[in-house]
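All values below come from the heavy atoms of this structure, side chains included, with hydrogens, waters and symmetry mates left out.
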Amino acid sequence: MSARAAVTRSDRLSRPGRRAVVVADLGTLRGPTTGVVTLPHRLVWAPSPAGRFDLADAYDRTRLYEIVLREAVRAAELQTWLSGDLLTELWPGLYLPRGVRQAWEDVHQRLAAVPVV
């Protein structure tokens, strides 16, 4: 699959002026599922250690996914930091802008089928 086909630029907004980015296949999301992750400053606009997330901690895991889904502008960012299986597991409890949630659910019907808590 080409890089262009790997991502969907939704008409939904992640925030004013920025379109949500969605990968076409959740299987391409092969990010870490364990350990401590440090997101780049482009994704977390706060001084260290604000960008450090321990994936063993439920709050950190959720927060990392919310940040990446909201701030990503390229498929590579999604593929680097997110896991398709973990995204599906966390999806119901993620606090996301309406545009991000709708964009992902438009492309991935299985996410739309999971009741939001």
Side-chain angles (χ1 to χ4, degrees):
M1 176 181 294
S2 74
R4 174 168 241 142
V7 67
T8 300
R9 290 232 180 249
S10 174
D11 61 347
R12 313 273 188 189
L13 298 180
S14 63
R15 61 182 166 148
R18 180 178 292 167
R19 295 187 185 282
V21 178
V22 180
V23 293
D25 178 1
L26 292 176
T28 66
L29 300 176
R30 296 191 182 118
T33 58
T34 61
V36 175
V37 172
T38 302
L39 291 177
H41 183 70
R42 203 209 72 61
L43 294 173
V44 180
W45 302 354
S48 185
R52 275 179 64 95
F53 301 90
D54 181 352
L55 295 176
D57 180 80
Y59 176 82
D60 278 7
R61 232 182 1 260
T62 299
R63 186 76 179 120
L64 177 130
Y65 274 65
E66 291 168 346
I67 290 168
V68 173
L69 288 165
R70 186 180 63 242
E71 298 297 331
V73 294
R74 294 181 298 279
E77 291 172 321
L78 299 168
Q79 294 163 334
T80 298
W81 302 112
L82 305 181
S83 155
D85 291 338
L86 193 50
L87 174 63
T88 302
E89 177 185 322
L90 295 174
W91 188 255
L94 295 177
Y95 181 72
L96 298 168
R98 184 177 305 146
V100 172
R101 185 168 293 280
Q102 289 173 339
W104 280 81
E105 290 178 355
D106 287 349
V107 175
H108 302 289
Q109 299 304 312
R110 78 180 198 194
L111 295 178
V114 178
V116 176
V117 291

A side-chain contact here means heavy atoms from C-beta on lying under 4.5 Å apart; do [X] and [Y] qualify?
X: Leu86; Y: Leu29; value: no
X: Thr88; Y: His108; value: no
X: Thr80; Y: Val68; value: no

*May I have all residue pairs that pass salt bridge (charged side-chain N to carboxylate O under 4.0 Å, His left out) and include part of residues 75-84, sequence neighbours excluded?*
Arg42-Glu77, Arg74-Glu77
_Set of side chain to side chain contact (heavy atoms under 4.5 Å, CB included) partners for Asp60, sequence neighbours left out_ = Phe53, Asp54, Asp57
*What residues, two or more places apart in sequence or in another chain, satisfy side chain to side chain donor-acceptor pair (under 3.5 Å) together with Glu66?*
none
Would you compute the distance between atom [atom1] of [X] and atom [atom2] of [Y] and round it to the nearest 0.5 angstrom?
X: Trp81; Y: Leu39; atom1: CH2; atom2: CG; value: 5.5 Å
X: Leu94; Y: Arg61; atom1: CG; atom2: CZ; value: 11.0 Å
X: Leu26; Y: Leu78; atom1: CG; atom2: CG; value: 10.5 Å
X: Glu89; Y: Tyr65; atom1: CD; atom2: OH; value: 9.0 Å
X: Gln102; Y: Leu96; atom1: CD; atom2: CG; value: 11.0 Å
X: Leu64; Y: Thr38; atom1: CG; atom2: OG1; value: 10.0 Å

Heavy-atom pair of closest approach, residues [X] and [Y]:
X: Leu55; Y: Pro32; answer: CD1-O, 3.5 Å
X: Gly31; Y: Ser83; answer: O-CB, 3.9 Å
X: Leu43; Y: Ala72; answer: CD2-N, 4.1 Å

_Can a donor-acceptor pair be found, under 3.5 Å and without considering hydrogens, that links the side chain of Tyr95 to the backbone of Thr62?_
no
